[in-house]
Amino acid sequence: MAVQGLTRDEAQELVGALDGWAFTRDGDAIGRTFEFGDFSQAFAFMTQVALVAEKMDHHPEWSNVYNKVQVELTTHDAGGLSMLDMKMARAIEELLA
């Protein structure tokens, strides 16, 4: 079953409520870079996100260089952004609270 994509207006409203997230891929994804004190903290964050992603069955595209983690969210089944991306972004934010 395909996931329902968000309209551009819906996505703009929802992304506006997120902290530090911005559109990427011409609006088909959202991304954010997280910076930590060192590699161990960055890797611990990635581990926490991985556990959340498994529970949600929605996985980020990401990269890590030393203390920085770049995260990008999109829903391939929807051909762009969906509520899954917004829920994942919020869950990631909650890990930092």
Look at Arg32 together with Glu72 and state whether they make a salt bridge at an N to O cut-off of under 4.0 Å.
no
Could you tell me whether a side-chain N or O of Glu93 sits under 3.5 Å from a main-chain N or O of Asp19, the two making a donor and an acceptor?
yes
Quick check for you: to the nearest 0.5 Å, what is the distance between Phe36 atom CZ and Asn64 atom CG?
9.5 Å
Where do Val3 and Met83 land on the side-chain contact (heavy atoms from CB on, under 4.5 Å) test, with the steps shown first?
CA-CA 9 Å; Val3 177; Met83 283 305 295; over 6 Å; no
hydrophobic_cluster_shared for Met56 and Leu95, side chain cutoff 4.5 Å:
yes
Could you go through Met88 and His59, starting from their C-alpha distance and side-chain angles, then the distance that decides it, and tell me whether this counts as side-chain contact (heavy atoms from CB on, under 4.5 Å)?
CA-CA 9 Å; Met88 175 62 79; His59 304 88; over 6 Å; no
Audit row: Ile92, Val52, side-chain contact (heavy atoms from CB on, under 4.5 Å) steps and yes/no
CA-CA 8 Å; Ile92 291 170; Val52 170; 5.9 Å; no
So Leu14 and Leu6, do their side chains get closer than 4.5 Å, heavy atoms only?
yes
Does a side-chain N-to-carboxylate-O contact under 4.0 Å join Glu13 and Arg8?
no
Quick one, Ile30 with Met86, criterion side-chain contact (heavy atoms from CB on, under 4.5 Å). Give me CA distance, side-chain angles, the key distance, then yes/no.
CA-CA 9 Å; Ile30 56 173; Met86 303 305 159; 4.2 Å; yes
Gap between atom CD of Gln41 and atom CE of Met46 - 0.5 Å precision:
14.5 Å
Do the rings of Phe34 and Trp21 sit parallel, tilted or perpendicular, given the 30° and 60° boundaries?
perpendicular
Within the structure provided, determine whether Phe45 and Val69 are in side-chain contact (heavy-atom separation under 4.5 Å).
yes
Within the distance-only criterion (no hydrogens, no angle test), does the side chain of Asp85 pair as donor or acceptor with the backbone N or O of Thr74 below 3.5 angstrom?
yes
Test of understanding: clusters of I, L, V, M, F, W, Y form through side-chain heavy atoms closer than 4.5 Å, transitively. Do Leu18 and Leu96 belong to the same one?
yes
Counting C-beta onward and ignoring hydrogens, is there a side-chain heavy-atom pair between Phe23 and Leu81 closer than 4.5 Å?
yes
Around Gln4, counting heavy atoms of other residues, nucleotides and ligands shown, do more than 12 lie under 6.0 Å from its CD?
no
Sub-3.5 Å donor-acceptor pair from the side chain of Glu10 to the main-chain atoms of Thr7, do we have one?
yes
Do side-chain atoms of Thr75 reach the backbone of Ala78 as a donor and acceptor pair under 3.5 angstrom?
no
Hey, any chance Phe43 and Val71 share a hydrophobic cluster, counting ILVMFWY side chains that come within less than 4.5 Å of each other, even indirectly?
no
Take atom CG of Asp38 as the centre, draw a 6.0 Å sphere, and report whether it contains more than 12 heavy atoms from other residues, nucleotides or ligands.
yes
Decide yes or no for Glu94 and Gln48: does some side-chain heavy atom of the first lie under 4.5 Å from some side-chain heavy atom of the second?
no
Could you give the distance from CG (Leu73) to NZ (Lys87), rounded to the nearest 0.5 Å?
14.0 Å
